[in-house]
Structure formats: C-alpha cells, structure tokens
There are 2 protein chains.
Amino acid sequence: MGIADRKERDKEELREKILHAAKDLFLIKGFEKTSIRNIADQIEYSPGIIYHYFRDKNEIFHALHQEGFRQLMAKMSVLASVRNPIERLKAMGSIYVSFALENPDMYDLMFIKEAPIDHVIDLEHDDWKEGGGTFNFLRGTVQESINLGYFKGHDPEALSYMIWSVVHGMVSLSIRKRCDVVLASRKDSIVSDALDEFYKIIDRL
Amino acid sequence: MGIADRKERDKEELREKILHAAKDLFLIKGFEKTSIRNIADQIEYSPGIIYHYFRDKNEIFHALHQEGFRQLMAKMSVLASVRNPIERLKAMGSIYVSFALENPDMYDLMFIKEAPIDHVIDLEHDDWKEGGGTFNFLRGTVQESINLGYFKGHDPEALSYMIWSVVHGMVSLSIRKRCDVVLASRKDSIVSDALDEFYKIIDRL
DNA sequence: TTGGATTATTAAACAGTGTTTAATTATTTT
DNA sequence: AAAATAATTAAACACTGTTTAATAATCCAA
C-alpha cells in the first residue's frame, strides 16, 4: 500500500505546514490576532483548505496546545534522575518557571487562554491520565516527600494544587503584565525573586 | 450654571447606561464575545453613539476594570480593624479568593485578560500608588508581620508577590478551567482546600 | 420667535474576521 | 479515455470594531 501511504504522508505534510505557519504567526502576532487568512497567506494556499485539515480554529489551538505539553514534559523528564523529592520539587519549579518565561506565548496558550478547553477535556482527558502529565508528576513528588516525613499534616493533592498555583500565579501575572503596574522597578527579576522566597519556605518546613 | 450641569448629568447618564449594558452583556457572554452592536442594541441606540462616550472598546474595558478594583477594595476595607497582621493576611486571602469565585468574569477582566493594560498603566498608575491599592495593602501587612518577627529572612516585596501569586494562581487556574482536566472530582472544593494548605504553612513559619 | 451654531445621533461604509457553499481543478480508478 | 473521487479554490454569509458624512435635536443670541 505504498501509494496510499505516500498520500497519507502528503496530507500529513500539509497539516504540519499549516500548524507550523500557525505557530510562527501566533508567536509573532498572538493567537487571536492571527487569522485563518493570515495562515493561508503564509503557506500560499487559499483559506478554505485549512478547513479540510482542521475542523475550526480551535482545533489548531488544540494541536499547538498538545505540542506545548510535549515540550514541557520533555524539559521535565531530566528530573527523573533527581532522587531527593524536595530537590526534585524545587527543580520542577525552576523548570516550570523558565519554560513559561522563555515561551510566554506557548505558556499563555497552555495555561492562561480560555479558548476551547471543553474540547481539550473530551479529547485529552485520557492522554493526561495515562501519560502521567505534569500535574501527576508533581503530585507523585509531593507524595514521596510526605512519605519521607515532609509536609506533615498536609493533603497531598490540595498541597500539589497550591504549589502549582504559586508558580502559575507568578508567571501568569508576569506574562499578563499585572506586576508592571505595581512593581515596575523590579518587574524583570520579581518572578525569580518570588520563587526564591517560596524555596526558602519549603526549606523551613 | 444649572443647565450645563443637567447636560453634564444627562451625558453621564448615557455613559452609565452604556457601561451598565456592557457589564451585563459581558457577564453573560464574556468580554470578547460582546460586540459594540450588542451593547448598542441593549440600550436601543445606534452603535456609533458609543464612540462619543468611549474612545474604543478598550476604554469600556478600562472603566469596568476600575469598577472592579473599587469593589475589591471595598471588600478589603473591613480588614482595617484586624490588628494581628498574620490574621489580616489570612483574611485578605479569603476575601480575595471569594471575590474571585463570586465574580469570576470581573476577576478575569481585572487580572487575567490581556487587553489594554498599557492604557491602564498610563491612566491608573497614580490611582494605584496614592490610593494604596490592594497590592500595597498586602505589602504593608507583610511588612508589619516582619516587624513582629514573622517571615525572618524574607524580602517583603518578593514575599508579597509570592503570596499574591498563590491566591491568583489558585483562582485563575480554576476560572480558566485548568483544574477540571486534572482534578475533575474535587474541582469545586480544590481552591478552598489549597488555600487551607497555604494557611497551614503560614501558621508554621 | 426666529436663524445660526453647536451638539447628539444615526446610517452607511470600510476593512477585517471565522466559516460554509458550490464550483473548479487535479488525481485516481475503472 | 471516461467516470469517480479527492484536493483546492473563489465567492459568499454573517459577523466584528471603527470611521465618515449626513441628519436630527438642542441651545444661544438677535
């Protein structure tokens, strides 16, 4: 079935081209300001073609969303070798924050934008659960820490959510420029400074 | 100058009507999905009139943004009577979170949406600074706590940003439905559970 | 009270959006 | 080579924020 295969590959190729163009444009102009026509112009096809590869603009969103999670998980995977769960926890925080600050638009897409999460819930729920996912990695690390005697009296799941909230809060306030108003002078360092404050607290528990 | 006054009042009245309609619609449909024409329909005027009262859609955003901050600050003001800064800190967290969960769309507008923050920075910077503002209230409370011997070795400003990040992170992940995917079973209670975890940590410092 | 200036309001248009439709071109199968 | 199928497009639809010029309403001075 070599011919069918090649056809399949050709189709996949154009799909990737659309996705690539979409990502490029969105990193420059932002997601909502990137139009279907912009993407079509970029790949030198007519706008209509995009609807043969994606149901709507949200499905492009969703595909990029998945790619972002693959990237983040790849960055996290180096932590498998860190034995001490508290050390791993802190390293996770640093990786999470640096991923967000180095790829603010991708982070925005993954964790801030409202777009089609309903869609994501349906389609990605299984991926999340079986694939482990970043949150389960965090929850596991917290559980390990508790097993070693840290975080006494804490609920592992709620504590994990709190920890996620700290790092997400820091980077999302920064990305959406909410600290510029109130912390203009140190807006470039405040996130890493605040992360250090959090590490100090962890060390004292 | 009674006539000029009345004219002024009439103008103000329509301005308020636009704002009211905009807020109503936006609470139902969301901000981006509320169009100028929708607002015009609601108040039974033509779309063009809105541009005689607001420069553009962002200026409506900005007006609602200010209203939200007035609301939040009003809720916070009851805390002036709480003497113990640690108690006040925790009460602030609870008020902040409940404000966000009770007015998710308003919170979204104030702290999550990207819209015209540049505009806000220019216009609102002074309000923020002199009027105190929520963040300065937090910073002051943290400073008071430090003066009383709490949070030893911490930088008050960075610590304040970290604390803000915790509560903002919790509610914004919830509002933007990022916990639904990963914590479906307890998505309604996770925010308050996580806040409790944070309080436990504060109590142990 | 009337006429002119000013102001408030509107209708219509512009350039853009996501999406759908039917028509066209290209490719594959018979 | 003809018929069937698939890929691609042009054109339209109903919407968006915003601007323009024209209209309607109001005010102010003579």
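As the structure is a computational prediction, the values presented were derived from the model and not from experiment.
Qualifying salt bridge (Lys or Arg N to Asp or Glu O under 4.0 Å) partners for B:D155, counting only residues two or more places apart in sequence or in other chains: A:R186. In this view, A:F54 satisfies the ring pair (Phe, Tyr, Trp, His ring centres under 6.0 Å) rule with no residue, not counting sequence neighbours. In this view, A:E44 satisfies the salt bridge (Lys or Arg N to Asp or Glu O under 4.0 Å) rule with no residue, not counting sequence neighbours. Contacts of A:K57 classified as salt bridge (Lys or Arg N to Asp or Glu O under 4.0 Å), with partners at least two apart in sequence or in another chain: none.
Side-chain N/O atoms of B:Y45 and B:H52 include no donor and acceptor closer than 3.5 Å.
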**OP:** Between protein and nucleotides 15-21 of chain C, map the contacts as a letter string: B base, S sugar-phosphate only, - none, heavy atoms under 4.0 Å, written 5' to 3'.
**Re:** --BBBB-
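As rounded to whole Å, 12 Å separates atom P of C:dT9 from atom CD1 of B:I50. To the nearest angstrom, P of C:dA11 lies 13 Å from CD of B:E44. Following rounding to the nearest Å, B:H52 (NE2) and D:dA24 (P) show an atom-to-atom distance of 16 Å. Taking atom CD1 of residue A:I49 and atom P of nucleotide D:dA7, one finds them 8 Å apart after rounding to whole Å. In this entry the distance linking CD of A:E13 with P of D:dA7 reads 14 Å, nearest Å. Atoms CZ (A:R15) and C1' (D:dT8) sit 18 Å apart, rounded to a whole Å. Taking atom CZ on B:F31 and atom C1' on D:dT16, their separation rounds to 13 Å, with Å as the unit. Residue B:L25 contributes atom CG, which lies 15 Å from atom C1' of D:dT16 at whole-angstrom precision.
Between B:M76 and B:M92, the shortest heavy-atom distance links the atoms CE-O, 3.7 Å. In this structure, B:L159 and A:E197 approach most closely via the heavy-atom pair N-CG, 3.7 Å.
Aromatic ring pairs are classed by plane angle as parallel below 30°, tilted from 30° to 60° and perpendicular above 60°; the pair A:Y107 and A:Y96 is perpendicular.
Distances shown here put every side-chain N or O of A:Y53 at or beyond 4.0 Å from the OP1 or OP2 atom of D:dA7.
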Grab the N/O contacts between the protein and nucleotides 23-25 of chain C below 3.5 Å, and write none if there aren't any.
none

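Taking 4.0 Å as the cut-off between side-chain N and carboxylate O, B:E67 and B:R70 do not count as a salt-bridged pair.
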